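All values below were derived from every heavy atom in this structure, side-chain atoms included, with hydrogens, water molecules and symmetry-related copies excluded. Numbers restart at 1 for each chain; the letters A, B, ... are given by sequence-line order, proteins then strands. Keep in mind it's a predicted model, so treat the numbers as computed, not measured.
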Number of protein chains: 2
Amino acid sequence: MAVQTRATLHDVARLAGVSAKTVSRVYSQRDLVAPDTVERVMSAAKRLRFRPNLLAQSLRRGGGATTVGFIMGELLNPFYYTVAAGIERELALHGFALIVATTDDSVEGEARVADTLLSQRVGALLMIPVGEDQSYLEGERQLGTPVIAIDRPARDLVADSVVLANRAGAYEATRALISRGHRRIAYICNPASVYTQVERVTGYRAALASAGIDPDPRWERLLDDPASSPESVVRDLMVQPSVPTAIIAGNNRVCIGAVRATLEMPAPPALIGFDDFETADVLGISVVGHDPMEMGRRAARLAVERMRDPIGFTTQLELPTRLIARGSGERAPALSESSR
Amino acid sequence: MAVQTRATLHDVARLAGVSAKTVSRVYSQRDLVAPDTVERVMSAAKRLRFRPNLLAQSLRRGGGATTVGFIMGELLNPFYYTVAAGIERELALHGFALIVATTDDSVEGEARVADTLLSQRVGALLMIPVGEDQSYLEGERQLGTPVIAIDRPARDLVADSVVLANRAGAYEATRALISRGHRRIAYICNPASVYTQVERVTGYRAALASAGIDPDPRWERLLDDPASSPESVVRDLMVQPSVPTAIIAGNNRVCIGAVRATLEMPAPPALIGFDDFETADVLGISVVGHDPMEMGRRAARLAVERMRDPIGFTTQLELPTRLIARGSGERAPALSESSR
DNA sequence: ACAGAACGAGACAGCGATGACACTAGCACT
DNA sequence: AGTGCTAGTGTCATCGCTGTCTCGTTCTGT
């Protein structure tokens, strides 16, 4: 088993009878090289299976990075990986490779992987911020590594960001329920202290207020307990003396939990989820949908722009949501319930 | 806005009043350095926000890569990204970063991204092979970049691989249906010419044969048409003069399509899917389940081993599947059908 | 007290590539 | 003939870092 070593520019140069610089020229195509020299070089390169070393190249060229890092909570969450897919596609278009790193949604994890990625000299850092504070990246930004926050704006850090119209989405969903006659509308989410949920709850309350309904703490289940299952939260809610006639689930996990909990009920409450999910149509679940892939694409595009022009103004992008009616959100309140 | 440049070893050395090599020693911890020198260096490094350049480091150290590449069809497929999640976790444990690249399941895409990744000098290449032939990577393998094939073995290439017990899984599912009294069992998949499906179909036929049932081409819908929707294929199948009493769906897409197609039927056929999916329990769909995350982990572990020891024997790993009963696969054939 | 080990730190080269600059040959023009 | 240009190529230094070698200092044992 011949364990050879990888050929370098010099090996190719020697075989082709030219200088290393000329081989470099052939590959970078920035300079003129005589056609037959090109041919000699190319054939030598092919014979040696030469492949330019991008690491050495970007070192020499002074940091022109070829990779971009994406810091996400975990790859198993459909929302996250759909964003990742969008990022990957957009970056591929511009010739960048994507390094993904997961944090398990922990603050230490975030700092740790950010550190690793920066040591890898990624050209930009895309992230779904977890911690309360991303100021530890401010220095890096000044050193020329742009940071793009996705889904939640970064805290204490100058960074571009791409977020959803969370308030408007929740507002619209709540209004839709109200217009069907619902007055007792629950909002359930877990975790609740993240930016997106805070925004959505605000939209939810605003919609209630606009209809003259006082928000009722009984129907706001804003949890921050990774251990508690959404399903049991919903079950618990539905055995109270006074039950809501409609539920808004703050994210897809809670929504699926709510589906599980209410599937067998004789008169299930109306249900609207936030975030679309694969089998939502099969299950007939109405949701506040949006386009996570597009979020990723936009974020990647911002990153590419920032790498080219580090000194532009930072951009805050808000992407729209839209209510997708599939049945579960259009159920009217049960008669006995609607007249309390 | 002060656009500074990133500090290097030399900058730190100058500020700390030592040589660059000593700073290097402090960071690599392979050599002895006096405690107060360490402290001086560290404080200088912190002041300059120094962060060692891993690219330069691995260049100098001669290729000791810090990244591993994963070539996948597309990030949107739940199976693929779950594998990716497993890979990422395992790699993180060993200090490698993961670069993901997608091919849109095209052969050219595969070759293109493999090229990019190899130029990035990834330490290993993990891939879900698409093409008929991965021999173009043989040279790279000899040059020291191990290749690990996932889900499907590589063709014409010495590579470790991690695959599922496809035949056994399909065999078990088919036998289970037979034992409930089914005789007319359809197998639907798209695409059909990939390794996994060929194996599964083989298992399916073997099970039929073992029960003395002749395979019937009417009930094998082996498509290779990305455009045709699984749902319509199933609908079409169910309006034939003679309908099957049970369906095996070759992958999760087909399975979800089958669910859509049969949901409203008064007497739906029994249904078993291949690959588990998020809401399968809610929908009561029996599946041949397996553990894609574990596949990713195992593949990553193999990659790490190979990077450490390039000359071991190649390993072929086969991971088990298991039949998960949730109702849809346990339906007995309709009476009028079972006695034909 | 002195040889030899052990420790701590610097000088230098070089990983694989490219930017800056220099140089030659050939041609067109005055 | 002399000048200026261009096309095509080579030399050298260097990107940020570390392996190897070297050297001065302190410590150890007899």
Check: Looking at B:S24, does any N or O in its side chain come under 4.0 Å of the phosphate oxygens OP1/OP2 on D:dT18?
Finding: yes

Next item on the list: Check the side chains of B:R6 and A:T145 for a donor-acceptor pair under 3.5 angstrom, ignoring hydrogens and angles.
Entry: yes

Next item on the list: Establish, from distance only, whether the side-chain atoms of A:T66 and A:R61 form a donor-acceptor pair under 3.5 Å.
Entry: no

Item checked: Candidate pair B:T37 and B:R25, rule side chain to side chain contact (heavy atoms under 4.5 Å, CB included), full reasoning -> CA-CA 11 Å; B:T37 309; B:R25 275 192 265 255; over 6 Å; no

Next item on the list: Measure the CG-CZ distance between A:L59 and B:R60 for me, rounded to the nearest 0.5 Å.
Entry: 12.5 Å

Next item on the list: Find the distance B:R6:CZ to D:dG16:C1' and express it as a whole number of Å.
Entry: 13 Å

Item checked: Interatomic distance, B:L55 CG vs D:dC15 C1' [rounded to whole Å] -> 11 Å

Check: When the ring planes of B:F50 and B:Y27 are compared, do they come out parallel, tilted or perpendicular, using 30° and 60° as the limits?
Finding: perpendicular

Item checked: Short side-chain N/O contact to D:dG10 OP1/OP2 from A:T22, under 4.0 Å -> yes

Item checked: Pair B:S135-B:D133, side-chain donor/acceptor within less than 3.5 Å -> yes

Next item on the list: State which of D:dT11, D:dT9, D:dT18 makes the closest approach to the side chain of A:K21.
Entry: D:dT11

Check: Roughly how many Å is it from CG in B:L9 to C1' in D:dG19, rounded to a whole number?
Finding: 14 Å

Next item on the list: Could you check B:P35 against B:R60 and say which one's nearest nucleotide on DNA chain C is further toward the 5' end?
Entry: B:P35

Margin query: Any base atoms under 4.0 Å from B:L32, or only sugar-phosphate, or nothing? Heavy atoms, all strands.
Written below: sugar-phosphate

Checklist line | Spacing of A:E39 atom CD relative to D:dG8 atom C1', expressed in whole Å | finding: 17 Å

Next item on the list: Could you tell me whether B:Y27 contacts a base, only the sugar-phosphate backbone, or nothing, with contacts defined as non-hydrogen atoms closer than 4.0 Å?
Entry: nothing

Notebook entry, point to check: Taking atom P of D:dT18 as reference, at what distance in whole Å does atom CG of B:L59 sit?
Noted result: 11 Å

Next item on the list: May I ask you to say what B:S58 touches in the nucleic acid, namely base, sugar-phosphate or nothing, with a heavy-atom cut-off under 4.0 Å?
Entry: nothing

Checklist line | Nucleotide D:dC15, atom C1' - distance to CG of B:L54 in whole Å | finding: 16 Å

Item checked: Atom-to-atom span, CZ of B:R25 to P of D:dG16 - whole angstrom -> 20 Å

Check: Got more than 12 heavy atoms from elsewhere within 6.0 Å of CD, A:Q316?
Finding: yes

Check: Which is the 5'-most and which the 3'-most nucleotide of DNA chain C that has an atom under 4.0 Å from a heavy atom of chain B?
Finding: C:dG8 to C:dG16

Check: Less than 3.5 Å between a donor and an acceptor, one on the side chain of B:R61 and one on the base of D:dT18, is that the case here?
Finding: no

